[in-house]
Amino acid sequence: MGPLETQWFPLLTGAGLVLAALVFFALFFVSAPYGRHARPGWGPSLNSRLAWMLMEFPSPAVFLACFLWGHGAQGGCVWALVLLWLIHYTHRAFIFPLRLHEHARRTPLLIVLFAILFNVFNGYLNGRYLGLHAADYGPAWIAGPRFLLGALGFAAGFAINLHADQVLIALRRPGETAYKIPRGGFYRWVSCPNYLGELIEWSGWALATWSLPGLSFALWTAANLIPRARAHHAWYRRQFPDYPPGRTAILPFLF
Ligand SMILES: NC(=O)c1ccc[n+]([C@@H]2O[C@H](COP(=O)([O-])OP(=O)(O)OC[C@H]3O[C@@H](n4cnc5c(N)ncnc54)[C@H](OP(=O)(O)O)[C@@H]3O)[C@@H](O)[C@H]2O)c1
């Protein structure tokens, strides 16, 4: 790390943590205008499949480049962490968009640009951190409780997220755009198990890496998804008088 980067890296990490807190509060008042919360006045939009690919591809690309730019390639065990990131983002950037219905709602270009900016920032912080600290994640770390519990949480969250997204996709036949009440799996308890799964995944990542960039990402995920889950939940209740009364928004039995 050069002298300039040594100074700005902790500053950027700190800025990430502070911004996550601000975004968390802001999103309780303004829902990101895509999907069911889309509304006019947000400029041009893109086909959703293309939007997801453009938004998410920078994350694995920047993460991997920054990881290799450090001493990452020399560490053996740290690749276990890299693999978790790449599995998630290979799915999110390439497989998930192709599973969406061809005529899914369009995504505003502004959302795509914000997401790219965030993914470059987040990929840099996490990839660079792991590349520079590769030697810390040796055999003792990989066999230790933080990695094992974190990786287990990551895998469980990934499975919950995949299943929940699949339930939503299966609700519509090709060409349909209406919303229906999702059921089964974690939908028994919450309105947005896909968001719950994502939150568990990145909390697992924060634990497995025990790093400030990892914590920053987990907080960003919470900042994005907790207010959005509450907005989805309130929307379901307004739309469907027979909506299951026992469900909470994102955390079973809590909220
Ligand atoms: N890490 C992060 O910060 C972050 C941020 C955002 C998203 N994500 C992840 O990205 C994935 C997609 O997020 P999202 O915000 O687009 O999720 P979403 O609002 O749950 O929508 C996912 C897809 O399912 C469709 N859908 C949702 N509810 C439906 C219903 N009741 N009936 C029929 N179709 C329904 C949506 O259609 P419409 O487009 O027509 O609504 C959309 O195509 C999730 O896995 C999420 O965890 C992660």
Side-chain angles (χ1 to χ4, degrees), residues 16 19-20 23-24 27 31-39 45-49 51-53 55-56 59-60 85 88-89 91-108 111-112 114-119 121-123 126 154 157-187 190-206 214 216-240 243-244 247 249-250:
L19 273 175
V23 165
F24 180 72
L27 289 180
S31 297
Y34 73 93
R36 80 199 64 194
H37 306 294
R39 44 206 185 269
S45 60
L46 292 181
N47 167 288
S48 271
R49 283 181 168 176
W52 275 105
M53 288 183 188
M55 288 191 289
E56 303 298 313
S59 192
W85 188 283
H88 173 91
Y89 276 107
H91 170 262
R92 180 66 72 225
F94 301 108
I95 301 171
F96 172 74
L98 293 176
R99 286 171 52 219
L100 288 176
H101 291 290
E102 208 177 332
H103 300 294
R105 278 183 178 72
R106 294 170 68 80
T107 308
I111 294 282
V112 175
F114 273 133
I116 291 175
L117 197 68
F118 172 74
N119 280 329
F121 167 77
N122 193 43
N126 280 278
F154 189 97
F158 187 58
I160 294 169
N161 175 270
L162 279 187
H163 177 262
D165 275 340
Q166 182 50 41
V167 168
L168 293 180
I169 290 167
L171 283 175
R172 289 179 179 153
R173 281 191 291 274
E176 271 186 345
T177 53
Y179 292 94
K180 302 174 188 177
I181 301 179
R183 296 184 193 274
F186 273 69
Y187 287 102
V190 293
S191 292
C192 301
N194 50 349
Y195 295 169
L196 170 65
E198 189 99 21
L199 196 55
I200 296 174
E201 263 187 276
W202 297 114
S203 304
W205 171 265
S216 161
F217 188 18
L219 292 181
W220 269 97
T221 305
N224 254 321
L225 299 185
I226 292 177
R228 194 165 181 83
R230 300 206 26 132
H232 274 25
H233 185 65
W235 180 95
Y236 274 125
R237 285 198 177 290
R238 284 195 304 274
Q239 294 296 315
F240 300 103
Y243 195 67
R247 274 188 208 179
I250 183 165

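Counting starts at 1 for both ligands and their atoms, following the listed order.
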Short question: side chain of Asn122, backbone of Ser59 - any donor-acceptor pair under 3.5 Å?
-> no

**Request:** Return a yes/no value for Trp220: is any of its N or O atoms, backbone included, closer than 3.5 angstrom to an N or O of ligand 1?
**Result:** no

closest protein heavy atom to atom 20 (O) of ligand 1 is Asn194 ND2, 3.0 Å

Closest to atom 11 (C) of ligand 1 by heavy-atom distance, out of Arg92, Met55, Glu198, is Arg92

The closest protein heavy-atom partner of atom 4 (C) of ligand 1 is Leu225 CD2, 3.8 Å

Decide yes or no for Leu27 and Arg228: does some side-chain heavy atom of the first lie under 4.5 Å from some side-chain heavy atom of the second?
no

Within the 4.0 Å heavy-atom cut-off, what Ile169 brings close to ligand 1 is neither

Atom 41 (O) of ligand 1 sits nearest the protein heavy atom Tyr179 OH, 2.6 Å

Exercise. What do you reckon, are the aromatic ring centroids of Trp220 and Phe24 less than 6.0 Å apart?
Worked result: no

min-distance protein heavy atom vs atom 45 (O) of ligand 1 -> Asp165 OD2, 2.6 Å

for atom 36 (C) of ligand 1, nearest protein heavy atom and its distance come out as Arg172 NH1, 4.2 Å

Exercise. Does any N/O atom on Tyr195 come nearer than 3.5 Å to any N/O atom on ligand 1?
Worked result: yes

Closest to atom 19 (O) of ligand 1 among protein heavy atoms sits His232 NE2, 2.8 Å

Arg228 heavy atoms within 4.0 Å reach ligand 1 at atoms 15 (O)

Worksheet item: Does NZ or CZ of Arg172 lie under 6.0 Å from the centre of the six-membered ring of Tyr179, at an angle within 45° of the ring axis?
Response: yes

re atom 40 (O) of ligand 1, the protein heavy-atom contact at minimum distance is Arg105 NH1, 2.5 Å

*asked:* Counting the benzene-type ring for Trp, do Trp205 and Trp85 have ring centres under 6.0 Å apart?
replied: yes

Yes or no on side-chain contact (heavy atoms from CB on, under 4.5 Å) for Ile250 and Glu198, after CA distance, side-chain angles and deciding distance? CA-CA 11 Å; Ile250 183 165; Glu198 189 99 21; over 6 Å; no

side-chain contact (heavy atoms from CB on, under 4.5 Å) for Arg247 and Ile181? Distances and angles first, verdict last. CA-CA 12 Å; Arg247 274 188 208 179; Ile181 301 179; 4.0 Å; yes

Got a donor-acceptor contact below 3.5 angstrom from the His101 side chain to the Arg173 backbone?
-> no

* **Heavy-atom donor-acceptor pair, Asn194 side chain to Asn161 backbone, under 3.5 Å** => no

Per-atom filter on ligand 1: closer than 4.0 angstrom to a heavy atom of Arg36 are 27 (C), 28 (N), 29 (C), 41 (O)

Give a yes/no on ligand 1: does Tyr34 have at least one heavy atom closer than 4.0 angstrom to it?
yes

Near Gly35 (heavy-atom distance under 4.0 Å), the atoms of ligand 1 are 39 (O), 41 (O)

Counting heavy atoms under 4.0 Å, the part of Trp52 that contacts ligand 1 is side chain

task: Could you tell me how the ring of His88 sits relative to the ring of Trp202: parallel (under 30°), tilted (30 to 60°) or perpendicular (over 60°)?
output: perpendicular

Near Asn224 (heavy-atom distance under 4.0 Å), the atoms of ligand 1 are 3 (O)

Near Lys180 (heavy-atom distance under 4.0 Å), the atoms of ligand 1 are 30 (C), 31 (N), 32 (N)

When distances are taken from atom 21 (O) of ligand 1, the protein heavy atom at minimum range is Leu168 CD1, 4.3 Å

Hey, can you tell me if Phe217 and Phe118 have their rings parallel, tilted or perpendicular (30° and 60° cut-offs)? tilted

*Do the two ring centres, one from Trp52 and one from Phe96, sit under 6.0 Å apart?*
yes

Could you check whether any side-chain N or O of Arg49 sits under 3.5 Å from a backbone N or O of Leu100, counting only pairs where one atom can act as donor and the other as acceptor?
yes

Rounded to the nearest 0.5 angstrom, the OG1-CG distance for Thr221 and Asn224 is 7.0 Å

So the atoms of ligand 1 within less than 4.0 Å of a heavy atom of Leu100 turn out to be 43 (O)

Q: Kindly confirm or rule out an N or O of Tyr236 lying under 3.5 angstrom from an N or O of ligand 1.
A: yes

Checklist line | Sub-4.0 Å heavy-atom approach of Glu176 to ligand 1 | finding: no

Near Phe96 (heavy-atom distance under 4.0 Å), the atoms of ligand 1 are 11 (C), 12 (C)

Report yes if Trp202 has an N/O atom closer than 3.5 Å to an N/O atom of ligand 1; otherwise report no. no

